[in-house]
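Working notes for the structure below.
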Protein chains: 2
Amino acid sequence: MAQKTAPDSTRRSERSRRAIYDAALELVGEVGYGKMTIEAIAARAGVGKQTIYRWWPSKGAVLLDAFLDLAEQANAQLSEKAGLAEPAQDIPDTGDLEADLKYVLRATVDEMTDPKFDAPARALAAEGVVNEQLGADFVEKLLEPQLQHYVRRLRAGQERGEVAPHVDVRIALELWTGPLAQRWMQRTGPLSHAYADRLVEYALYGITPR
Amino acid sequence: MAQKTAPDSTRRSERSRRAIYDAALELVGEVGYGKMTIEAIAARAGVGKQTIYRWWPSKGAVLLDAFLDLAEQANAQLSEKAGLAEPAQDIPDTGDLEADLKYVLRATVDEMTDPKFDAPARALAAEGVVNEQLGADFVEKLLEPQLQHYVRRLRAGQERGEVAPHVDVRIALELWTGPLAQRWMQRTGPLSHAYADRLVEYALYGITPR
DNA sequence: CACCGACGAGACGGGGCGTCTCGTCGTACA
DNA sequence: TGTACGACGAGACGCCCCGTCTCGTCGGTG
């Protein structure tokens with residue numbers, strides 16, 4: 001038995017859930033993750049503390065759900081603008097791997113620079129480094145689906161001879177996602193379109209003379 | 001004016017400083033960074049709380065100094081074993097760039113796997129993601145000096161034709177440090193010697209057919 | 001339309017925060 | 001060698017947040 005008496009999710013208040021998400025996202029931007037408290041979230045959301053403790057085990061879990069919701073909304077808006085039905089953002093396949101990768105990596109840079117995403121994403125990434133459970137959820141629900149887009153695009157390229165057949169594509173994609181994530185998290189250098197372009201070039205063609 | 005009255009560092013108790021370092025490193029391993037408290041550090045070190053607050057602004061700063069001290073000791077021990085005078089660990093230059101890089105990257109993997117380093121390093125990396133000041137200190141005092149070893153080795157290789165002349169070596173080194181850091185922090189895959197080898201190969205020769 | 005459980009509100013003991021005030025002790029300098 | 005000055009260990013203080021609990025109330029389900 002994990003929980004004493006599981007709450008009845010059919011009676012859950014949608015209104016409260018949304019208010020909690022909004023409050024959490026606001027607070028993490030205003031005071032930072034460390035000083036964000038569950039009491040403050042409850043107060044700002046106009047909600048009892050127990051309502052938060054009933055549905056989430058920690059403030060990290062609250063923020064993760066809030067951020068997933070935010071990402072989903074943003075994604076839906078993008079699909080709508082593009083006139084698409086509802087598929088997630090896939091990587092273009094124009095037959096020019098270098099151009100396709102640069103296109104999506106530049107978009108990723110823009111997203112990482114957007115202050116609306118930056119504060120909560122940083123908080124979750126940081127908490128995931130230290131909290132293994134939350135880190136696994138963060139990776140599974142947010143990061144890995146993104147990485148799978150690269151896997152598919154690289155495999156398609158491999159069948160077409162754009163990528164060498166012996167290459168492990170799951171490792172190859174880290175050649176650009178790793179450096180980008182590192183610069184974002186550690187602030188070891190500027191995050192620019194030019195930087196994204198260099199990463200793609202070096203990863204595709206190597207740094208030794210050809 | 002930053003501080004009211006600066007403490008007199010000539011009268012500082014070395015004994016207390018060491019005890020605080022030891023206590024901090026033990027506690028971060030036992031209870032985790034989030035549950036590590038300054039009260040507990042003081043109690044375990046047999047020290048008044050004020051002594052900690054007098055010399056450090058936060059528990060993150062305490063842990064950073066403790067870890068820097070630990071790293072320095074470990075480094076000194078390595079130099080001693082090798083019979084060297086006192087220079088920091090440099091990257092070998094046998095003329096075979098691929099072999100040299102694999103050698104040091106495998107060593108880095110071993111270090112990241114060592115539980116004695118893992119807990120405090122994770123805590124500091126995580127705190128640095130969210131706390132800009134501590135992150136800058138962490139990068140400047142610990143990370144960047146390591147990266148500069150790669151810069152020197154790659155520049156030497158560049159003059160010898162091992163690395164293409166147009167390549168920005170400060171970006172190039174991130175092709176393997178970035179992915180490694182990402183796997184370590186996000187736990188997105190196993191950290192093995194084989195993985196380190198693949199990264200070096202892909203970075204040097206690219207993932208497209210040659 | 002009745003019931004039942006999620007809801008907002010807030011009291012509660014526990015504990016860590018950061019500041020403060022003791023008396024003691026050890027080091028720097030005369 | 002002596003003295004003064006400030007760091008030291010110890011711990012009290014008010015504050016805030018933790019996570020749990022107990023109220024009535026309110027709204028969705030069956």
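Residue numbers start from 1 in every chain, and the chains themselves are labelled A, B, ... in the order their sequence lines are given, proteins ahead of strands. Keep in mind the model is a prediction, meaning the values are calculated, not measured.
Between His166(B) and Tyr202(A), the angle of the ring planes lies from 30° to 60°, which puts this pair in the tilted group.
Contact check, Thr51(B) against dA7(D): no side-chain N or O comes under 4.0 Å of OP1 or OP2. Here Trp56(B) does not reach the OP1 or OP2 of dG18(C): none of its side-chain N or O atoms lies under 4.0 Å away.
Atom OH of Tyr53(B) is separated from atom C1' of dA7(D) by 18 Å (rounded to the nearest Å). Straight-line distance from the CD1 atom of Ile52(B) to the C1' atom of dG16(C): 13 Å, rounded to whole Å. Remark: C1' of dA7(D) and CD of Glu14(B) are 14 Å apart, rounded to the nearest angstrom. Counting to the nearest Å, the P atom of dA11(C) and the CD atom of Gln50(A) are 16 Å from each other.
Between Lys102(A) and Glu98(A), at least one side-chain N (NZ, or NE/NH1/NH2) sits under 4.0 Å from a carboxylate O, which counts as a salt bridge. Residues Arg153(A) and Asp100(A) are paired through a salt bridge, judged by an N-O separation under 4.0 Å between the basic side chain and the carboxylate. Salt bridge status for Arg44(B) with Asp22(B): absent, with no side-chain N to carboxylate O gap under 4.0 Å. The residues Arg170(B) and Glu144(B) are annotated as salt-bridged, a charged nitrogen and a carboxylate oxygen being separated by less than 4.0 angstrom.
The shortest side-chain heavy-atom distance between Asp93(B) and Arg152(B) does not fall under the 4.5 Å cut-off. Residues Trp55(B) and Arg17(B) fail the side-chain proximity criterion, which asks for heavy atoms closer than 4.5 Å.
Across residues 34-46 of chain B, Gly46(B) each have a non-hydrogen atom less than 4.0 Å from an atom of DNA chain D (numbered order).
Under the ring pair (Phe, Tyr, Trp, His ring centres under 6.0 Å) criterion, Tyr33(B) pairs with no residue at all, not counting sequence neighbours. The ring pair (Phe, Tyr, Trp, His ring centres under 6.0 Å) test applied to Tyr195(A) returns no partner, not counting sequence neighbours.
Out of dG5(C), dA12(D), dT20(D), the shortest distance to the side chain of Asp8(A) is found at dG5(C). In the set dC8(D), dA7(D), dC18(D), the nucleotide with an atom closest to the side chain of Pro7(B) is dA7(D). Minimum atom distance to the side chain of Arg54(A) is reached by dC7(C), of the listed dC7(C), dC8(D), dC18(D).
Both Trp55(A) and Lys49(A) lie close to DNA chain C; mapped to their nearest nucleotides by heavy-atom distance, the more 5′-ward contact belongs to Trp55(A).
The terminal axes of the helix from dC1(C)-dG30(D) to dA30(C)-dT1(D), fitted over 5 pairs per end, subtend an angle of 40° to the nearest 10°.
Contacts classified as salt bridge (charged side-chain N to carboxylate O under 4.0 Å, His left out) and involving residues 110-119 of chain A (residues at least two apart or in different chains) are given here: Asp118(A)-Arg122(A).
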Under 3.5 Å, which protein N or O atoms sit close to an N or O of nucleotides 23-27 of chain C? Give each pair with its distance.
residue : atom : partner  : partner atom : Å
dG26(C) : N2   : Arg11(B) : NH1          : 2.8

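Using a distance-only test at 3.5 Å, with no hydrogens or angles considered, no donor-acceptor pair links the side chain of Thr51(B) to the main chain of Val47(B).
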